[in-house]
A.B. asks: 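This structure is in structure tokens; I'll ask about it shortly.
Numbers here are sequence positions counted from 1. If you're wondering where the values come from, they're calculated on a predicted model, not measured in any experiment.
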Amino acid sequence: MFSLKLFSKCCGNEWLQMFKANKETFYFEAGQRIFSEGEVVKGIYFVEKGNIKVLSKAHDKTDKIIRLASTGMILGHRGFNAKRYPVSAEALTQTIVTFVPLNVFLNILKASPEMVIYLLNFMSDELQEAELRMKNLIILDPKVRIAIILLKLVEVFGYQKKEVKNLLSFTISRTDMANMGGTTYETVIRTLAIFKRDKVIGFEGKEIAILNEKKLRQIASGKMKIRRK
């Protein structure tokens, strides 16, 4: 399991045993909440297997997707210095997580510089991603935003090892794409159809295959314009 490997690498035997004695394993089905915004912070979650979306309530009280997570990532760390979780986490697929109580995790951090460095790097990467996401939301062309989202799916979920080349390991719903891109469901459908027409992507049912990642990256960077028709 990811968390066991991480703690074995970063902690001395005493703290590794503390981790083992206090950890719990939880299983979630797609659509279930792992924790919800406003709940009392109880601990940290390590994703052992599965795909997850992290949500935050906007000013209109709707849930906005602010992050995607998968195997080997951490959840709940935004609640370190808060009494309640400032975000929610929802399973997109069958998911297994390891839970560690906050007081136990903080004690382990105090005794493990390697774990602190790991966590700082993780949170630094997440902060950079959040800043980039804010910049992307002011991009007027929704096709650019949707290209960026598709590349994020490649980065977070990767590709399946199947006969269909470059088939995404997991494709989020078109509604979730619209949510992430700050656009409409209809715009997502039209844009994906254009990408398919230009042989940038392909479909296997609802799943998406990236046929030309180089071209997709050019679109995402704004270096390539797309014909509407």
Side-chain angles (χ1 to χ4, degrees), residues 1-58 63-133 152-153 155-158 169-170 172 176 180:
M1 298 178 79
F2 156 69
S3 58
L4 182 58
K5 291 179 181 178
L6 177 63
F7 280 82
S8 297
K9 177 182 177 182
C10 296
C11 301
N13 187 62
E14 176 186 353
W15 295 104
L16 178 60
Q17 295 309 313
M18 177 177 284
F19 161 73
K20 290 180 178 180
N22 288 277
K23 71 180 181 68
E24 294 182 77
T25 300
F26 295 107
Y27 300 82
F28 297 90
E29 296 295 328
Q32 282 190 296
R33 285 286 172 98
I34 298 168
F35 56 83
S36 295
E37 186 171 341
E39 284 184 5
V40 174
V41 175
K42 295 179 180 179
I44 304 299
Y45 297 83
F46 297 85
V47 185
E48 306 295 352
K49 183 179 180 181
N51 300 320
I52 296 158
K53 57 183 177 182
V54 178
L55 308 158
S56 179
K57 288 206 176 293
D63 285 325
K64 299 298 182 183
I65 301 172
I66 62 170
R67 177 187 162 214
L68 297 172
S70 62
T71 303
M73 295 186 179
I74 302 174
L75 300 170
H77 54 286
R78 289 172 179 254
F80 269 161
N81 293 318
K83 292 183 179 180
R84 299 182 182 276
Y85 290 113
V87 295
S88 303
E90 182 178 308
L92 291 165
T93 59
Q94 287 188 326
T95 297
I96 304 171
V97 299
T98 293
F99 171 81
V100 182
L102 185 60
N103 64 319
V104 174
F105 186 64
L106 290 176
N107 285 333
I108 291 174
L109 283 181
K110 292 174 183 177
S112 175
E114 283 190 60
M115 183 67 80
V116 171
I117 292 172
Y118 173 86
L119 188 62
L120 284 173
N121 287 335
F122 181 87
M123 296 180 76
S124 175
D125 289 343
E126 188 180 70
L127 179 59
Q128 290 180 43
E129 181 181 334
E131 291 172 345
L132 182 59
R133 183 174 61 252
K152 177 55 64 176
L153 298 186
E155 177 188 333
V156 176
F157 302 134
S169 178
F170 180 75
I172 62 175
D176 280 349
M180 288 185 69

A.B. asks: So which atom in Leu75 and which in Ala69 form the shortest heavy-atom distance, rounded to 0.1 Å?
C.D. replies: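 Nearest heavy atoms, Leu75 then Ala69: CD2-CB, 4.1 Å.
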A.B. asks: Any chance you could measure Lys20, atom NZ, to Ser8, atom OG, to the nearest 0.5 Å?
C.D. replies: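 Atom-to-atom, Lys20:NZ and Ser8:OG are 6.0 Å apart.
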A.B. asks: Of the non-hydrogen atoms in Val116 and Leu109, which two are nearest, and what is the gap between them?
C.D. replies: CG2-O, 3.3 Å
A.B. asks: Just wondering, do Leu16 and Leu4 contact through their side chains at under 4.5 Å, heavy atoms?
C.D. replies: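 Result yes, sub-4.5 Å side-chain heavy-atom pair found.
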A.B. asks: Less than 3.5 Å apart, any donor N or O on the side chain of Glu29 or Gln94 sitting next to an acceptor on the other?
C.D. replies: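 There is such a pair between these side chains.
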A.B. asks: Can you list every pair that meets side chain to side chain donor-acceptor pair (under 3.5 Å) and has a residue in residues 65-79, with sequence neighbours left out?
C.D. replies: Arg67-Glu126, His77-Glu126
A.B. asks: Heavy-atom distance under 4.5 Å between the side chains of Asp63 and Lys57, does that happen here?
C.D. replies: yes
A.B. asks: At what distance, to the nearest 0.5 angstrom, does CD1 of Ile65 lie from CG of Asp176?
C.D. replies: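 So the CD1 of Ile65 and the CG of Asp176 are separated by 3.5 Å.
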A.B. asks: To the nearest 0.5 Å, what is the distance between OG1 (Thr25) and CZ (Phe46)?
C.D. replies: 12.0 Å
A.B. asks: I'd like to know whether NZ of Lys9 has more than 12 heavy-atom contacts from other residues, nucleotides or ligands below 6.0 angstrom.
C.D. replies: no
A.B. asks: Can Phe105 and Leu119 be said to form a side-chain contact (heavy atoms from CB on, under 4.5 Å), step by step?
C.D. replies: CA-CA 11 Å; Phe105 186 64; Leu119 188 62; 4.1 Å; yes
A.B. asks: Nearest 0.5 Å please: distance from the SG atom of Cys11 over to the CG atom of Leu6.
C.D. replies: 7.5 Å
A.B. asks: Is there a side-chain contact between Ile172 and Phe157 (heavy atoms, below 4.5 Å)?
C.D. replies: yes
A.B. asks: Do Phe122 and Met73 have side-chain heavy atoms sitting under 4.5 Å apart?
C.D. replies: yes
A.B. asks: Ala89 and Ile52: which non-hydrogen atoms are nearest, and at how many Å?
C.D. replies: CB-CG2, 4.1 Å
A.B. asks: Does the plane of the ring in Phe19 sit parallel, tilted or perpendicular to the ring in Phe7? Use 30° and 60° as the thresholds.
C.D. replies: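 Phe19 vs Phe7 ring planes: parallel.
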A.B. asks: Quick one: which residue pairs count as a side chain to side chain donor-acceptor pair (under 3.5 Å) with a foot in residues 101-120, not counting sequence neighbours?
C.D. replies: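 Listed once each, the pairs would be none.
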A.B. asks: Nearest 0.5 Å, please: how far is CZ in Phe26 from CD1 in Ile34?
C.D. replies: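 Going from CD1 on Ile34 over to CZ on Phe26, the span is 11.0 Å.
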A.B. asks: Can you tell me how far apart OH (Tyr45) and CD (Glu24) are? Round to the nearest 0.5 Å.
C.D. replies: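 Here the rounded value is 9.0 Å.
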A.B. asks: Using every non-hydrogen atom in the two residues, find where Ala91 and Phe28 come nearest and quote the distance to one decimal.
C.D. replies: CB-CB, 4.1 Å
A.B. asks: Tell me the salt bridge (Lys or Arg N to Asp or Glu O under 4.0 Å) pairs involving residues 34-44, sequence neighbours left out?
C.D. replies: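 Listed once each, the pairs would be none.
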A.B. asks: For Phe35 versus Val87, what's the shortest heavy-atom pair and its separation?
C.D. replies: CE1-O, 3.4 Å
A.B. asks: State, to 0.1 Å, how close Thr93 and Asn51 come at their nearest heavy-atom pair, and which atoms those are.
C.D. replies: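 Distance-wise, the nearest heavy atoms are OG1-N, 3.0 Å.
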